[in-house]
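Taking it in order: structure first as structure tokens, then the write-up.
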Amino acid sequence: MFIDQPSRNKIKIVLFLLVVTASSSVRAQLSITFPFDGAVFQRNTSNTATISIGGSYTGGVERIEARLIAVAGGTGVGWTSIDTSPTAGLYKGTLSGVTGGWYTLEVRSILFNNVITTTTLSRVGVGEVFVIAGQSNVQGIENHGHKASIDANNRIKYIDWLLPCPDGTCQNVDPPFPLISTLNSTDQGVHIAPNGVTSWAWGELGDALLSRFNVPVLFFNAAASGSSIGNWSRSADGLPSVHPHIGVQYANNPNFPYHYLRKALNFYASLFGIRAVLWHQGESDSVKNQNQDPNDNTSAAEYRDSLNYVISRSRSHSNKALLPWVVAKVSYWGPPIGLGTDAEVISGQGLAIDTPNKIFAGPNTDNIQLPRVDGVHLENVSGGIQGISDMASSWNTMLDNTFFSAATPYAAATPPALTLGCSGSTYSITAPAGYTYFWVNGNNDISTAFSSAQTITPVAGTYRVYLKDGSDNVILSQSVTVPGGIPTSPSLTVSASPVVAGQSVTLYAQGCMGAVSWSTGQSGYSISQTPTQTTTYTATCSIGSCASVAANIQVSTCPTTATLSSPYVSGQTLIIKASNTLIGVNAVRAGANIMYNAKNSVTLQPGFLAEKGSIFTAVAGVGCSN
């Protein structure tokens with residue numbers, strides 16, 4: 001027979017499914033650490049992209065699901081399993097075939113087919129990514145009447161960061177952790193990473209592309225004021241060159257201005273993908289061509305060859321063999337310094353355009369806003385000509401449907417999968433081989449040189465790694481949370497107890513973000529057992545070779561038929577169960593509270609006695625047959 005205190009186990013059994021859901025959600029945490037809020041990933045020529053998703057969790061999780069809710073444009077994606085074997089608090093997966101649009105990303109963790117917890121990334125998009133390069137008429141200038149995006153859904157994006165050039169010496173530093181902003185401000189001090197100044201024409205161009213394709217747009221700006229084509233071609237090989245207007249080494253660093261472009265391609269285009277480089281440069285070469293020294297002039301052939309070299313180096317350095325470029329025709333520099341348009345420069349730009357080689361024609365901006373207020377720079381004049389806006393319109397015209405069909409973009413790099421391990425109570429994080437590494441705590445920035453440290457042994461905290469490949473392209477991982485001690489012991493529950501001897505039950509483990517190992521030799525968050533007698537089971541939670549203190553749970557069994565002959569005395573409050581029949585030939589003394597509970601029948605034979613002052617109950621049809 002099985003003896004139980006009244007009601008306690010019955011309540012536990014009835015509420016089991018609720019306990020699984022409620023208790024796990026209290027302990028469990030779930031985060032999305034890749035992608036980043038506001039990220040825009042380059043779509044392909046079929047208007048789709050694959051979005052990589054990664055993050056961390058605590059507690060027990062059997063699978064991770066994600067979905068996309070369309071906010072503006074695009075097509076929502078329903079709940080999809082992205083990781084069916086998350087382990088050690090890490091998950092990683094993808095949603096493929098996501099159409100161009102603007103979305104809310106939701107991720108949820110599942111255990112025993114119950115949702116444990118759900119987390120949300122406000123916005124993520126599939127759309128267009130451009131890198132701007134050239135000189136000041138695309139870099140931007142403060143106080144020139146520039147406008148900004150007016151999209152109500154904040155879909156025109158940039159990263160606000162200016163590569164530092166203290167005392168005129170530009171630094172070979174890596175960009176910071178990407179925090180994405182909306183290009184909807186005309187305030188002073190807005191910088192489109194790595195070197196753009198103000199929203200210039202790009203907020204308006206973004207809105208124009210948005211109205212055509214209904215997809216978000218992300219801009220990066222690598223333009224450099226006053227630069228000549230010679231500055232760009234020489235610095236692509238780290239060779240010093242002279243600033244054409246002030247006669248000193250450009251940026252006091254032989255890697256500039258090309259280094260702006262290389263950082264934009266190696267860092268940002270790696271993280272988000274890229275459609276094309278938008279090139280707009282030539283004014284400084286127009287001025288050079290007025291020099292008395294013909295050896296300092298830029299001929300059409302020289303411009304073509306120098307630009308082709310810059311394009312070739314950008315493709316080699318980014319490992320994007322046919323990275324599309326769009327080349328504007330631009331040379332205008334009016335009085336008092338210049339004489340207007342330079343035919344050699346314009347011809348050189350035309351010679352560089354080579355559509356089969358993915359070098360496309362951009363706008364001719366020499367006919368915009370003539371004359372110009374300062375002789376060279378475009379401006380939106382209050383109550384007058386809107387030169388910057390006209391340039392945005394001209395770029396939109398040249399980025400036509402033929403361009404978008406022919407300019408094959410490059411997708412974002414896939415973030416690496418990290419592994420959390422443990423040995424001798426020391427945790428380790430390991431990244432994939434084949435890179436150099438820069439490990440950070442939290443979302444810190446790259447601050448020193450990359451190293452060969454593929455594995456680190458950190459203290460408790462949250463970590464990421466920047467990985468750099470052989471082309472210097474940077475990939476940023478998801479975050480990993482390192483526990484503060486040995487793994488937490490699992491919380492154990494059972495589908496039924498007591499049970500009939502030989503009846504199958506399911507044992508459940510919750511709260512373990514590692515691997516669960518049972519005393520039966522089995523593993524997993526749930527196992528099936530058929531106990532033939534009351535049995536105690538134990539389970540541990542392991543990460544690597546580090547295991548928790550064992551947790552235990554007892555599963556009680558009860559007989560098919562039992563004959564009760566011993567008396568129950570005053571003060572005893574018991575439930576006696578059987579899976580078939582209970583036979584009573586005993587006494588229930590005054591002051592006792594006794595229930596006989598059998599599946600089929602309770603039989604009271606001669607000799608049974610329930611004294612006055614006792615409480616006796618017989619229940620048939622329940623018992624312990626669950």
Side-chain angles (χ1 to χ4, degrees), residues 31-42 51-56 89-92 94 121 124 129 131 157-164 171-181 193-195 218 220 222 255 259-274 317-320 410-421 427-459 461-482:
S31 65
I32 302 169
T33 58
F34 193 96
F36 324 112
D37 193 35
V40 178
F41 295 101
Q42 178 62 52
I51 296 181
S52 296
I53 304 166
S56 60
L90 295 171
Y91 72 88
K92 184 177 179 294
T94 59
L121 190 71
V124 64
V129 182
V131 173
K157 295 296 186 178
Y158 76 110
I159 290 175
D160 196 329
W161 177 69
L162 190 66
L163 190 145
Q171 306 296 303
N172 297 340
V173 298
D174 287 292
F177 181 84
L179 298 175
I180 300 166
S181 302
N195 201 45
L218 175 61
F220 298 100
N255 295 299
H259 196 68
Y260 291 122
L261 176 60
R262 184 161 187 182
K263 284 300 177 188
L265 296 178
N266 284 149
F267 193 88
Y268 297 119
S270 177
L271 290 180
F272 304 106
I274 182 174
H317 286 149
S318 64
N319 196 27
K320 295 174 173 58
Y410 283 83
T414 302
L418 303 184
T419 303
L420 178 64
Y427 286 94
S428 63
I429 309 173
T430 301
Y435 301 89
T436 55
Y437 310 88
F438 192 89
W439 294 90
V440 295
N441 194 332
N443 291 335
N444 288 341
D445 305 331
I446 301 168
S447 58
T448 55
F450 281 68
S451 75
S452 59
Q454 180 185 353
T455 299
I456 60 170
T457 55
V459 298
T462 300
Y463 300 86
R464 291 183 188 265
V465 63
Y466 297 84
L467 302 94
K468 185 174 287 188
D469 67 15
S471 298
D472 284 347
N473 291 314
V474 173
I475 311 169
L476 183 54
S477 77
Q478 68 195 95
S479 290
V480 180
T481 299
V482 177

What residues, two or more places apart in sequence or in another chain, satisfy ring-ring contact (aromatic ring centres under 6.0 Å, His included) together with Tyr268?
->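 With neighbours one apart ignored, the set is Phe220.
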
For Phe34, which residues count as a ring-ring contact (aromatic ring centres under 6.0 Å, His included) partner, sequence neighbours excluded?
->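 ring-ring contact (aromatic ring centres under 6.0 Å, His included) check on Phe34 returns Phe36.
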
Evaluate side chain to side chain contact (heavy atoms under 4.5 Å, CB included) for Ser318 paired with Asn473, printing each intermediate quantity in order.
-> CA-CA 6 Å; Ser318 64; Asn473 291 314; 4.3 Å; yes

With Asp472, which residues qualify under side chain to side chain donor-acceptor pair (under 3.5 Å), at least two apart?
->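 Result, side chain to side chain donor-acceptor pair (under 3.5 Å) vs Asp472: Arg262.
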
Asp160: partners by side chain to side chain donor-acceptor pair (under 3.5 Å), with sequence neighbours left out =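 Asp160 satisfies side chain to side chain donor-acceptor pair (under 3.5 Å) with Tyr158 once adjacent residues are dropped.
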
Would you find a donor on one side and an acceptor on the other, under 3.5 Å apart, between the side chain of [X] and the backbone of [Y]?
X	Y	result
Ser270	Ala413	no
Gln42	Val129	yes
Asn266	His317	yes

Not counting sequence neighbours, list each pair that qualifies as a salt bridge (charged side-chain N to carboxylate O under 4.0 Å, His left out) and has a residue in residues 263-272.
->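 Qualifying pairs: Asp174-Lys263.
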
Taking only residues at least two apart or on different chains, which pairs with a member in residues 430-457 satisfy salt bridge (charged side-chain N to carboxylate O under 4.0 Å, His left out)?
->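 Checked against salt bridge (charged side-chain N to carboxylate O under 4.0 Å, His left out) - neighbours excluded - no pair reaches residues 430-457.
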
Will you find, in the side chains of Thr430 and Thr419, an N or O donor that is under 3.5 Å from an N or O acceptor?
->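 Judged by distance alone, the side chains do not pair up.
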
Ile159 and Phe267, any side-chain heavy atoms less than 4.5 Å apart |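 No, their side chains stay 4.5 Å or more apart.
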
Side-chain touch Tyr435/Pro416, heavy atoms, less than 4.5 angstrom =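 Side chain of Tyr435 against side chain of Pro416, heavy atoms only: no contact under 4.5 Å found.
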
